[in-house]
Structure formats: structure tokens, C-alpha cells
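One structure below.
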Amino acid sequence: MALLPILQYPDPRLHKVAKLVVAVTDETRRLIRDMSETMYAAPGIGLAATQVDVHERIIVMDISEAHNDLKVFINPELIEQSGEEEGEEGCLSVPGIYEKVRRAERVTVRALNESGEPFTLTADGLLAVCIQHEMDHLEGHVFVEHLSHLKQTRIRAKLKKQRRETL
Ligand code: GNR
Ligand code: NI
């Protein structure tokens with residue numbers, strides 16, 4: 001059981017581009033276990049390895065209320081996307097900030113599971129939003145980068161103030 005520290009925006013390490021996983025090993029599975037525990041404890045519905053300062057293409061996700069539907073994506077690729085939808089997003093690396101972001105409504109992703117086997121999943125709704133949000137993290141992008149520069153500046157100021165007050 002290990003809870004990993006989550007990088008907080010605007011940490012520059014959140015902008016690193018994650019590398020492909022070359023082999024899914026026991027070490028990969030240990031990281032996935034720690035990432036899942038960290039996500040459930042936070043609590044959050046998704047977590048990208050980038051957020052725990054591991055720059056490999058690994059995502060865990062569980063949008064179920066009962067926390068019994070863990071999805072693992074290794075080396076995910078978006079192979080299809082369609083439609084457009086605006087939904088409210090939050091991020092464990094940007095605590096307390098919720099803003100609307102425009103994304104594809106429906107996505108098909110191909111990835112490897114934790115046994116290293118390929119699978120394909122088509123998603124819409126919250127799962128589709130979360131997949132796109134997490135894949136952004138692997139590219140070094142945080143959801144606030146979809147907002148105007150003015151909003152980004154205000155968010156950074158708000159986070160600074162929040163952190164001053166919790167110290
Ligand atoms: O826990 C999370 N909730 C969430 C809500 C709406 C859109 C995206 C997300 S992902 C977020 C966890 C997180 O930061 N993942 O990177
Ligand atoms: Ni996030």
C-alpha cells in the first residue's frame with residue numbers, strides 16, 4: 001500500500017511528455033496498484049502517471065460510485081473521435097478549480113491492459129471526458145490550458161492564495 005504525492009499545478013514536471021511503456025512488467029503493475037490507491041484515496045476518477053511524477057504512458061480510471069470498475073490504459077491512442085460537448089472538469093493537480101472545457105463527445109481508444117494485452121474501448125459521457133483529460137496529462141497538458149490566458153492567470157493566483165492559507 002503506497003500513496004504517491006500528486007504534483008500540483010503549476011509544477012513544471014506536469015508539462016513533461018510521457019514515454020511509451022516498452023514492456024508491461026511486475027514493476028508496471030506495482031506502479032498501477034499505487035496509482036489506483038492514490039486515485040481512490042484522493043478521491044478522484046482518474047489519474048495519469050505524469051501526476052505522480054512518473055513520465056510513462058499509464059492511466060488509471062474508475063468512474064463508478066462503488067469504486068469497483070478500475071480501468072487501466074497503457075500506451076493509449078485515440079483512434080477515433082466525434083462530436084463536441086462542453087463539460088465541467090476538475091483535476092487533482094489543480095485542487096478546488098472547476099471549469100468548463102470543450103472536448104470530443106465520443107472517443108475510441110486503443111491501449112494495453114495490465115497484462116500487456118491490447119484492447120479497444122469506445123466511450124461517451126464522463127468516461128470520454130476523463131479519457132481525454134488523462135491523455136492530455138501524458139502529453140504534458142493540464143486542463144486549464146484549454147481556458148483563456150486571463151482565466152489561467154486568475155487560477156494560478158487563486159491556487160497561490162489557497163496554498164498560503166493552508167500553510
Ligand atoms: O477526479 C477527477 N475528476 C474529473 C472530473 C471531471 C473531468 C475530469 C476529471 S479527472 C479528475 C482526476 C484527475 O485529475 N485526473 O487527471
Ligand atoms: Ni487531472
Side-chain angles (χ1 to χ4, degrees), residues 1-19 21 27-76 78 85-105 107 109 111 114 123 125-167:
M1 170 90 185
L3 295 185
L4 308 168
I6 298 174
L7 298 178
Q8 300 295 300
Y9 178 80
D11 191 307
R13 292 170 291 180
L14 285 169
H15 303 304
K16 292 171 85 167
V17 178
K19 293 196 163 70
V21 173
E27 201 179 324
T28 317
R29 284 181 280 271
R30 162 175 292 275
L31 171 65
I32 287 166
R33 197 160 54 241
D34 290 345
M35 284 175 60
S36 315
E37 285 168 6
T38 303
M39 171 184 76
Y40 287 127
I45 59 170
L47 190 73
T50 306
Q51 292 175 280
V52 294
D53 202 23
V54 175
H55 302 281
E56 293 181 38
R57 306 187 82 83
I58 301 170
I59 292 166
V60 296
M61 214 175 285
D62 188 344
I63 63 165
S64 73
E65 297 261 325
H67 289 180
N68 60 2
D69 189 20
L70 180 69
K71 290 179 166 59
V72 173
F73 301 84
I74 300 169
N75 296 343
L78 269 192
E85 201 162 49
E86 203 174 45
E88 185 119 308
E89 297 193 19
C91 181
L92 294 172
S93 296
V94 195
I97 306 288
Y98 301 90
E99 295 282 350
K100 283 194 165 175
V101 177
R102 182 167 294 285
R103 303 267 190 195
E105 184 191 356
V107 297
V109 62
E114 54 186 322
L126 184 58
L127 190 58
V129 171
C130 197
I131 287 170
Q132 293 170 83
H133 175 113
E134 304 310 340
M135 289 184 69
D136 265 6
H137 277 303
L138 299 182
E139 291 305 316
H141 298 306
V142 177
F143 84 102
V144 299
E145 292 169 48
H146 289 276
L147 309 173
S148 69
H149 286 287
L150 176 62
K151 272 196 176 169
Q152 292 183 43
T153 302
R154 287 181 176 158
I155 287 168
R156 281 195 296 269
K158 189 171 169 185
L159 289 169
K160 244 187 195 168
K161 181 167 184 282
Q162 256 170 224
R163 277 168 202 148
R164 247 193 340 262
E165 286 166 359
T166 25
L167 284 181

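Bear in mind the structure is a predicted one, so any value in this text is a computation, not a measurement. Residues: numbered from 1 along the sequence shown.
- Within a 6.0 Å radius of CZ in Arg30, other residues, nucleotides and ligands contribute 12 heavy atoms or fewer.
- Side-chain contact between Ile32 and Ile74: present, with at least one pair of heavy atoms (C-beta onward) separated by less than 4.5 Å.
- Partner Ile45 forms a side chain to side chain contact (heavy atoms under 4.5 Å, CB included) with one of Leu127, Leu126, Asp62 and no other, that one being Leu126.
- With hydrogens and angles ignored, the 3.5 Å screen pairs no side-chain donor or acceptor of Gln51 with any backbone N or O of His137.
- Residues Ser93 and Leu7 share a closest heavy-atom pair of OG-O, 2.9 Å.
- One finds the NZ atom of Lys161 at 10.5 Å from the OG1 atom of Thr166 (value rounded to the nearest 0.5 Å).
- Rounding to the nearest 0.5 Å gives a distance of 8.0 Å between CE of Met35 and CD1 of Ile59.
- Using a 4.5 Å cut-off on side-chain heavy atoms (C-beta onward), Glu99 and Ile155 make contact.
- Between Val129 and Glu89, the shortest heavy-atom distance links the atoms CG1-OE2, 3.4 Å.
- Here CE of Met61 is found 10.0 Å from CG of Leu70. Values are rounded to the nearest 0.5 Å.
- Considering only heavy atoms from C-beta on, Ile97 stays 4.5 Å or farther from Cys91 through its side chain.
- Among all heavy-atom pairs drawn from Gly90 and Tyr98, the shortest one is CA-CD2, 3.8 Å.
- Here the CD-OH distance, from Glu145 to Tyr9, works out to 6.5 Å after rounding to the nearest 0.5 Å.
- Checked against ring pair (Phe, Tyr, Trp, His ring centres under 6.0 Å), His67 has the following partners two or more places apart in sequence or in another chain: Tyr40.
- Residues Ile131 and Pro76 fail the side-chain proximity criterion, which asks for heavy atoms closer than 4.5 Å.
- Glu37 and Leu3 make their closest contact through O-CD2, 3.6 Å (heavy atoms, listed as atom of the first residue, atom of the second, distance).
- At a threshold of 4.5 Å between non-hydrogen side-chain atoms, the residues Ile63 and Asp69 do not count as touching.
- In terms of modelled atom types and a separation under 3.5 Å, the side chain of Glu85 and the main chain of Gly125 share no donor-acceptor contact.
- Note: Lys16 NZ to Leu138 CG = 13.5 Å, rounded to the nearest 0.5 Å.
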Would you please test Glu139 and Arg57 for salt bridge (Lys or Arg N to Asp or Glu O under 4.0 Å) and show each step? CA-CA 9 Å; Glu139 291 305 316; Arg57 306 187 82 83; 2.3 Å; yes

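- Across all their heavy atoms, Ala123 and Ala128 have their closest contact at O-CB, 3.5 Å.
- Proximity of Val109 to Met135: side-chain heavy atoms (C-beta onward) are separated by under 4.5 Å at one or more points.
- Scored by the salt bridge (charged side-chain N to carboxylate O under 4.0 Å, His left out) test, Glu88 finds no partners at all (sequence neighbours excluded).
- When side chains are defined from C-beta on, Pro95 counts as touching Arg163, because their heavy atoms get closer than 4.5 Å.
- Rounded to the nearest 0.5 angstrom, Lys71 NZ and Ser36 OG are separated by 13.0 Å.
- Side-chain contact between Asp136 and Arg103: present, with at least one pair of heavy atoms (C-beta onward) separated by less than 4.5 Å.
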